[in-house]
2 protein chains.
Amino acid sequence: MDKQNHPQDTETRILQAAEKEFFEKGYAGARTASIAEAAGVTHAMLHYYFRTKDKLFERIVSEKIDALANIVLSAIGDGDLPLEDRIRQGVERHFDFISANRDLPRFIVNEVFAHPERAEMLGNVQNIAGSLLNNLQHEIDEYAAKGLCRQADARILLIDIVSLNVFPFIAAPIVKAAVGNLYESYDAFLEMRKKENVETILGKLKISRL
Amino acid sequence: MDKQNHPQDTETRILQAAEKEFFEKGYAGARTASIAEAAGVTHAMLHYYFRTKDKLFERIVSEKIDALANIVLSAIGDGDLPLEDRIRQGVERHFDFISANRDLPRFIVNEVFAHPERAEMLGNVQNIAGSLLNNLQHEIDEYAAKGLCRQADARILLIDIVSLNVFPFIAAPIVKAAVGNLYESYDAFLEMRKKENVETILGKLKISRL
DNA sequence: TGATTGATTAACAAAATTGTTAGTGCGAAT
DNA sequence: ATTCGCACTAACAATTTTGTTAATCAATCA
């Protein structure tokens with residue numbers, strides 16, 4: 001019908017194309033021309049809406065950092081489940097979030113390496129994580145006092161969780177090549193991995209019993 | 001003394017500068033001019049010795065893939081130690097290797113993402129890893145049959161090891177910001193981490209006992 | 001209607017980056 | 001000593017990539 005005047009449309013199309021391009025190729029590898037082409041607009045439009053490649057990039061970055069704060073919040077989990085269930089739920093939610101944003105970890109890691117000052121932008125995220133850790137630590141302490149689980153440092157546990165969950169995504173092509181045909185699909189492998197990681201974490205907490 | 005004729009010298013200086021630049025910024029982010037400057041030569045020399053940025057890059061890549069094959073070999077570990085010790089040794093060697101090549105994991109991950117066909121270049125590495133896994137699996141099977149350890153899939157164990165060991169390096173600036181002042185230095189944290197990872201892996205294998 | 005506004009385009013300009021070339025100087029071999 | 005080859009430089013050329021501008025087009029509104 002109308003040949004133009006889809007302002008919202010083109011802007012979001014550019015944003016979507018840009019997210020894809022930046023995620024896949026990083027800031028340096030991304031080309032504004034490719035982004036424009038993928039969005040189906042002339043590359044002048046990209047400058048019209050976002051002025052520079054840099055500003056467009058910043059826009060994507062801040063959006064994604066917000067998204068990150070959410071998963072951390074959601075990992076706090078439902079009110080007063082028993083410890084084991086909350087951990088199970090937290091690990092699975094974290095895994096699922098990454099699974100739904102597979103390029104995000106690599107992107108964050110690379111961009112924080114490229115601009116270490118951006119580690120501070122994650123400060124907000126880390127504050128949330130901090131109170132989450134406090135809660136968790138208290139709970140572990142209680143359980144341990146009652147002899148219901150092993151004593152453990154919640155921060156270490158968190159690093160274990162993130163390490164285990166992030167790796168199959170951040171190193172996807174390599175792991176894919178390595179596991180090869182052992183699973184009917186990479187997603188099947190990931191499903192296995194999610195369960196395995198939950199068990200690994202719970203295993204670290206479990207009291208050895210007869 | 002002599003103003004020129006340091007052919008070996010300049011070539012290796014370019015290689016060293018290139019490795020650093022490529023590792024830090026990736027292929028796309030690296031600038032041949034920066035490499036030349038860091039090496040203390042005119043950027044024409046870079047083309048003189050390596051013709052193109054691409055060829056220089058390939059050179060670095062293949063060198064590093066060789067280095068990688070070695071660590072995998074060395075992870076096979078000393079002949080006939082008991083299972084626990086071999087695993088301990090394998091995990092620690094892997095950790096130490098990454099520690100001595102801190103940018104390597106990020107580099108490999110990024111470049112394999114950028115050129116998935118390069119996953120095949122790792123085929124060699126994976127063959128070696130394959131036979132290592134076979135050995136390990138047999139040993140685990142024997143131990144498990146005797147009730148000396150839990151039954152486990154060696155491949156899963158390997159993924160656990162790599163996940164846990166790689167993360168504190170690939171996400172260094174983030175983890176650094178997160179652990180903050182809890183450790184006197186990041187290296188102290190890493191030392192703790194190495195031990196913890198060994199225990200985590202051994203813990204997965206351990207028979208729960210009274 | 002006709003003036004205004006915002007979206008859009010094509011062509012262009014500027015900057016950055018890679019790659020080349022012609023020539024210089026030094027040392028070694030004949 | 002002259003020639004030859006190699007390392008090297010400086011200037012330049014080519015290409016790629018980002019950013020700009022002037023003109024167009026369609027819708028809206030006065």
Side-chain angles (χ1 to χ4, degrees), chain A residues 1-63 107 110-111 113-115 118, chain B residues 1-63 107 110-111 113-115 118:
Chain A
M1 315 303 173
D2 31 16
K3 205 165 52 183
Q4 57 199 90
N5 266 27
H6 295 262
Q8 180 113 7
D9 225 55
T10 46
E11 186 172 346
T12 62
R13 285 174 67 191
I14 293 174
L15 278 172
Q16 285 167 0
E19 176 175 323
K20 186 153 181 280
E21 176 96 356
F22 281 132
F23 273 30
E24 285 175 1
K25 311 194 183 166
Y27 178 80
R31 298 286 101 109
T32 56
S34 315
I35 294 173
E37 194 193 12
V41 302
T42 65
H43 89 278
M45 289 315 293
L46 187 149
H47 293 288
Y48 176 71
Y49 279 105
F50 301 98
R51 202 71 189 164
T52 67
K53 181 185 178 183
D54 235 66
K55 291 208 173 44
L56 174 55
F57 183 71
E58 289 301 332
R59 171 79 172 265
I60 305 279
V61 168
S62 60
E63 275 179 10
F107 179 74
N110 281 326
E111 290 316 319
F113 259 99
H115 303 279
R118 260 200 257 278
Chain B
M1 323 304 171
D2 33 14
K3 206 167 50 183
Q4 60 200 84
N5 265 26
H6 294 263
Q8 181 114 6
D9 226 57
T10 46
E11 186 171 346
T12 62
R13 286 174 65 190
I14 293 174
L15 278 172
Q16 285 167 1
E19 177 175 322
K20 185 153 182 279
E21 176 98 356
F22 281 132
F23 273 31
E24 285 175 2
K25 311 193 182 164
Y27 178 81
R31 298 286 101 108
T32 57
S34 315
I35 294 173
E37 194 191 12
V41 302
T42 64
H43 90 278
M45 289 315 293
L46 189 148
H47 292 289
Y48 176 70
Y49 279 105
F50 301 98
R51 206 69 191 164
T52 67
K53 181 185 179 183
D54 235 68
K55 291 208 172 46
L56 174 56
F57 183 72
E58 289 299 334
R59 171 81 171 265
I60 306 278
V61 167
S62 60
E63 274 178 11
F107 178 75
N110 281 326
E111 291 314 322
F113 259 98
H115 302 278
R118 261 199 255 280

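Predicted model only: the values in this text are computed from it and were never measured. Just so it is clear: chains get the letters A, B, ... in the order the sequence lines come, proteins before strands, and each one is counted from 1.
Taking atom CG of A/Leu56 as the reference point, atom P of D/dG19 lies 10 Å away to the nearest angstrom. In this entry the distance linking CD of A/Glu21 with C1' of D/dT18 reads 14 Å, nearest Å. To the nearest angstrom, P of D/dA10 lies 14 Å from CD of B/Glu37. Summarising the geometry, the separation between CE on A/Met45 and C1' on D/dT20 is reported as 14 Å, rounded to the nearest angstrom. Remark: P of C/dG6 and CD of A/Glu11 are 14 Å apart, rounded to the nearest angstrom.
At least one donor-acceptor pair closer than 3.5 Å links the side chain of B/Glu21 to the backbone N or O of B/Arg31.
Ring centroids of B/Phe22 and B/Phe57 are separated by less than 6.0 Å, placing the two rings close together.
With a 6.0 Å radius and a threshold of 12 heavy atoms from other residues, nucleotides or ligands, B/Glu63 has its CD atom above the threshold. The environment of B/Glu37 atom CD is sparse: at most 12 non-hydrogen atoms of other residues, nucleotides or ligands sit within 6.0 angstrom.
Between B/Thr42 and the phosphate of D/dA10, there is no side-chain N or O to OP1/OP2 separation shorter than 4.0 Å. Between A/Thr10 and C/dA7 there is no side-chain N or O to OP1 or OP2 distance below 4.0 Å. Look at A/Tyr49 and you'll find a side-chain N or O under 4.0 angstrom from OP1 or OP2 of C/dT8.
A cation-pi arrangement is present between B/Lys53 and B/Tyr27 under the rule of less than 6.0 angstrom and at most 45 degrees off the ring axis.
The shortest side-chain heavy-atom distance between B/His47 and B/His43 falls under the 4.5 Å cut-off.
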>> How would you summarise protein contacts on nucleotides 15-20 of chain C per nucleotide, using B for base, S for sugar-phosphate only and - for none, with heavy-atom distances below 4.0 Å?
In response: --SSBB
